[in-house]
Colleague: 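Can you keep this structure in mind? I'll have questions shortly.
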Amino acid sequence: MSKTIIVSNRLPISLRHRNGRFEFKPSAGGLATGLGSIYKEGENIWIGWPGNTVDDPEQRAEIILELHDLKMAPVFLSKEDVEEFYEGFSNETLWPAFHYFTQYMVYNPEHWEAYVRVNQKFCDAILKKAGPDDTIWIHDYQLLLLPQMLREVLPNATIAFFQHIPFPSYEIIRMIPWRKELLEGVCGADLIGFHTYDDMRHFLSAVGRITGLSNESGYIQAENRIINVDSFPMGIDYDKFAKQAKSKKTQRFVQEFGKQVEDQKLLLTIDRLDYSKGIPQRIQAFNQLLEQHKELHGKVSMIMIVVPSRDKVQSYKELKEEIDLLVGRINSEYSTLNWVPVHYFYRSFPFEELSAFYNMSDIALVTPLRDGMNLVCKEFVASKTDQTGVLILSEMAGASKELQDAILVNPNDRQGVVDAIFNALSMPQAEQIARISSMQESLKKYDVFQWVKVFMDRLDHVKRKQEDLTSKDVDAKVMNEIQASFKKAKNAVLFLDYDGTLTGFHSDPQKAYPDEELKKIVKELSELAQVVVISGRDKDTLGKWFEGQAIDMIAEHGVWVKKKENQGDWELYAEVEDGWKEDIRQIMEYYVLRTPGAFIEEKHHSLVWHYRKVESGLGDLRMRELFSHLKYMARGYNLQVLEGNMVLEIKRPDINKGRAATAMMKGSEYDFVLAIGDDWTDEDTFKAMPKNAYSIRVGYAYTQANYNIKSFRQVRQLLQKLTS
Ligand code: GDG
């Protein structure tokens, strides 16, 4: 039976060395809870680093056994791995890049090598456990290369990836020297999830620009499969927080802490130590509030919990010093004998106490400069048992997309944050209740279990969609069948599209000429069957490229034909009236002038606007504009505007490859018909084929053809097989 393997850099436990022995401390984090519903079931398992280095083989063996009982398997990392892969590449290159802190980015090739090496270690550890049909769900930015590493060994496995931190704009990603490898690595997955729509669109754009893989409606078209990219905002274990806040234990803490702060209004901030969380900026905003509103002195204080994290990384050390300094300054300036403005804790608290802080605070001030999601704000809302309280939330946190009833602030606008705190302090209770209740409703509904369910359902959906598309795959069996049928045939015909079918694309269309291998294939085929190259290309190019070959050619989608018996002469296959061209050309030229890299190609029956060489993004934008411009004119002239692969073509609708193919077959009796093509213009050919024909579309798009094939390389393989 197939199983599910969860993979993350850290296992949901911490391994501690105490008195010569190892101890495991379970993690109570949101992810561990949410995924508990998966990895604890059946044969499922969680693979990751236990969070400490262990070199002794005996100790390792002991740990493996103990973790086995907890349904976990360790990946052991050396001290060097931790320094270079985790603290280095993950936290000094990817983390700052993905949070837009480019000033902290380190470009160290040794760190990169360690990143590749450790991803491979994870891959090896997974391969020891994984079967070919298992589902593998990989988490986060430390393991971006892993999906593709696994895909190479387990081509049919179900692989999903979720990124917990933001995915930045292409402008940032392009700065990383290893950007292509990283994106190709993630694209080994079948489903790629982010917290927000913005993250997902940044990812799609970076993949398009850097790897050249295009996408439509969240589906990336890879060479041999489709990959779905979507947003899945992560929730919390709502009930756990709501219940804990009501519990006796927490309420005892609420009373105890409450006595110490008396009737002061409390502002709560909780973060891991990280520059992305905007901690110094927040202290400065609080300082400004106290400067501007003397009446609040002695009446408001801030509880600031900073959880130690990554303190070996230089930028984190500096951040800690900066926070210490700012807190020292504000407290020394404003404190009185019975009031301290900032209660600062550089440590973590047990869950019951954390819950008490959430429950008793009047305002949560969650103002990261960037945050993938941010769970603290959600936990605060869930812990407000009487629905009073105010959440001030940064627009830069993924959570702000969902929690629209918070007071949303730009964390860089200090006065805006000051005003938000001031307004929160005076917000009427009825309004507080209305806002908190509405956010609670939504958090209850989209909790972490729902998040896991929606993600897993989507993964199922993608796999089914892939199966639909590959059910028509030209595999070894189909190839043999086509070959056998071809061998038996007395009169065979092959309709072969050119670009994308017999050869790959080239940024300069004139450079996509047939290579020696292709010429040989065509020659050998033409000795066995009638070969028709059927293309949108102009007749002169096609004629030149296949000069001397005993084949038929259909050019310009069926305007021209050259039969092999009429060596050298092209016949007009369709009468074309071209009085419309001048007007349309003028418009196209206007768009060429505005779009560096674009050009017009004139064919006998059509005009084509090419944008393959235009800056990516701009080309699409201009093409859309031109499309809507031409649509109206086309109607008047009874023309058709069609979108192709980096081209926009305007032509007469009754001229198409299907019509030409039908005319070509007229009067002959074929016992084998094969048509291969890669885009919408070939769909007309497929439609025109007799019932018993083999029709094959290159790539995995929906098609009228009976089969799909991976790429032009596989097309060549198939054709070579026919001649062997
Ligand atoms: C990454 C992304 C994304 C904090 N202090 C204590 C404590 N915590 C717990 C909180 C919360 C968690 O730590 C912090 O989660 P965040 O989401 O706020 O931040 P990151 O750790 O940076 O997480 C983030 C997240 O992944 C999930 O996808 O939201 O954007 O950066 O759960 O409760 N827990 C205890 N004591 C503390 O003192 N027990």
Side-chain angles (χ1 to χ4, degrees), residues 8-10 12 14 25-35 90-91 94-101 137-142 161-168 193-196 198-199 231-238 240-241 244-245 249-250 253 257 268-279 303-310 316 319 343-359 361 364-383 391 393-394 396-403 443 446-448 451-452 455:
S8 63
N9 175 49
R10 284 293 303 272
S14 287
K25 190 171 172 269
S27 143
L31 188 66
T33 319
L35 296 177
S90 301
N91 290 338
L94 296 178
W95 180 275
F98 286 21
H99 286 85
Y100 291 80
F101 282 85
W137 186 3
I138 302 162
H139 290 263
D140 233 0
Y141 65 104
Q142 300 92 349
F161 178 84
F162 187 83
Q163 176 152 312
H164 291 263
I165 64 172
F167 197 91
F194 296 97
H195 282 305
T196 70
D198 281 338
D199 298 324
S231 88
F232 302 89
M234 185 176 160
I236 56 165
D237 182 353
Y238 185 91
K240 182 175 146 194
F241 281 89
Q244 183 63 43
K249 219 167 172 185
T250 288
F253 281 118
F257 295 161
L268 178 67
T269 89
I270 302 182
D271 315 86
R272 246 182 343 90
L273 176 73
D274 203 289
Y275 45 78
S276 65
K277 305 286 182 181
I279 304 170
I303 300 176
M304 196 173 88
I305 299 172
V306 179
V307 181
S309 163
R310 303 177 196 171
Y316 287 73
L319 175 67
H343 301 273
Y344 169 38
F345 306 94
Y346 183 60
R347 59 173 188 266
S348 66
F349 284 86
F351 183 51
E352 307 77 43
E353 292 181 46
L354 183 79
S355 167
F357 284 128
Y358 280 142
N359 185 254
S361 300
L365 189 56
V366 184
T367 52
L369 302 175
R370 265 313 145 170
D371 217 334
M373 171 53 69
N374 192 292
L375 301 178
V376 166
C377 58
K378 294 188 170 182
E379 295 167 0
F380 168 76
V381 172
S383 307
L391 171 64
L393 178 59
S394 161
M396 311 295 173
S400 68
K401 307 285 189 309
E402 286 170 80
L403 300 178
L443 292 179
Y446 299 105
D447 67 2
V448 70
W451 175 74
V452 170
F455 189 88

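Counting starts at 1 for both ligands and their atoms, following the listed order.
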Colleague: For Ser348, take its heavy atoms, then give the atoms of ligand 1 lying under 4.0 Å from any of them.
Modeller: 37 (C), 38 (O)
Colleague: Any idea how Phe162 and Trp451 line up, ring-wise: parallel (<30°), tilted (30 to 60°), or perpendicular (>60°)?
Modeller: perpendicular
Colleague: May I ask you to identify, for Lys277, whether its side chain, its backbone, both or neither come under 4.0 Å of ligand 1 on a heavy-atom basis?
Modeller: side chain
Colleague: Give the atom numbers and elements of ligand 1 that come within less than 4.0 Å of a heavy atom of Met234.
Modeller: 27 (C), 28 (O)
Colleague: Please check if the number of heavy atoms outside Tyr446 that lie under 6.0 Å from its OH is greater than 12.
Modeller: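 Count not over threshold, so no.
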Colleague: Just to check, does Trp451 reach to within less than 4.0 Å of ligand 1 when the distance is taken from its heavy atoms?
Modeller: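 In this structure, Trp451 fails to qualify as a contact of ligand 1 - no heavy atom is under 4.0 Å.
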Colleague: Can you name the atoms of ligand 1, numbered from 1 with element, that are less than 4.0 Å from a heavy atom of Glu379?
Modeller: 10 (C), 11 (C), 32 (O), 33 (O)
Colleague: Verify the distance criterion only: is there a donor paired with an acceptor across the side chains of Thr250 and Gln244 at less than 3.5 Å?
Modeller: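 On atom types as modelled, these side chains qualify, holding a pair under 3.5 Å.
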Colleague: What about the rings of Phe380 and Phe241, do their centers lie closer together than 6.0 Å?
Modeller: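 Phe380 vs Phe241: aromatic centres not under 6.0 Å.
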Colleague: Near Trp95, which atoms of ligand 1 are under 4.0 Å from a heavy atom of that residue?
Modeller: 31 (O)
Colleague: For Arg310, give me all partners under salt bridge (Lys or Arg N to Asp or Glu O under 4.0 Å), at least two apart in sequence or on another chain.
Modeller: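 Salt bridge (Lys or Arg N to Asp or Glu O under 4.0 Å) list for Arg310, sorted by chain: Asp274.
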Colleague: Examine the proximity of ligand 1 to Met373 and report which part, side chain or backbone, both or neither, has a heavy atom under 4.0 Å away.
Modeller: both
Colleague: Would you please indicate yes or no on a ring centroid separation below 6.0 angstrom for Trp137 and Phe161?
Modeller: no
Colleague: If you count the atoms of ligand 1 from 1 in the order shown, which ones are under 4.0 Å from a heavy atom of Gly372?
Modeller: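 So the atoms of ligand 1 that pass are 30 (O).
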Colleague: Using the side chain to side chain contact (heavy atoms under 4.5 Å, CB included) criterion, which residues pair with Val306? Sequence neighbours excluded.
Modeller: Leu273, Ile279, Met304, Tyr344, Tyr346
Colleague: Answer with yes or no whether the side chains of Glu379 and Tyr358 bring together a donor and an acceptor at under 3.5 Å.
Modeller: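 Judged by distance alone, the side chains do pair up.
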Colleague: I need the atoms of ligand 1 closer than 4.0 Å to a non-hydrogen atom of Ile270, numbered in the order shown.
Modeller: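 Per the distance check, 4 (C), 5 (N).
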Colleague: Using a 4.0 Å cutoff against the non-hydrogen atoms of Leu375, which atoms of ligand 1 qualify?
Modeller: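 With Leu375 as reference, the close atoms of ligand 1 come out as 16 (P), 17 (O), 18 (O), 27 (C), 29 (O).
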Colleague: What atoms in ligand 1 come closer than 4.0 Å to a heavy atom of Phe349?
Modeller: 35 (C), 36 (N), 37 (C), 38 (O), 39 (N)
Colleague: Heavy-atom pairs closer than 4.0 Å: do any link ligand 1 to the side chain of His164, the backbone, both, or neither?
Modeller: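 Near ligand 1, His164 shows its backbone as well as its side chain.
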Colleague: Among Glu353, His99, Arg272, whose heavy atom sits nearest atom 21 (O) of ligand 1?
Modeller: Arg272
Colleague: Examine ligand 1 and decide if any of its atoms is less than 4.0 Å from a heavy atom belonging to His195.
Modeller: yes
Colleague: Would you call the rings of Phe345 and Phe349 parallel, tilted or perpendicular, taking 30° and 60° as the class edges?
Modeller: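 It falls in the perpendicular class, over 60°.
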Colleague: Mind checking whether Val366 and Asp371 have side chains closer than 4.5 Å, heavy atoms only?
Modeller: no
Colleague: Under a 4.0 Å heavy-atom limit, does Val376 contact ligand 1 with its side chain, its backbone, both, or neither?
Modeller: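 Both the backbone and the side chain of Val376 come within reach of ligand 1.
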Colleague: Can you tell me which portion of Phe162 lies within the under-4.0 Å heavy-atom range of ligand 1? Options are side chain, backbone, both, or neither.
Modeller: neither
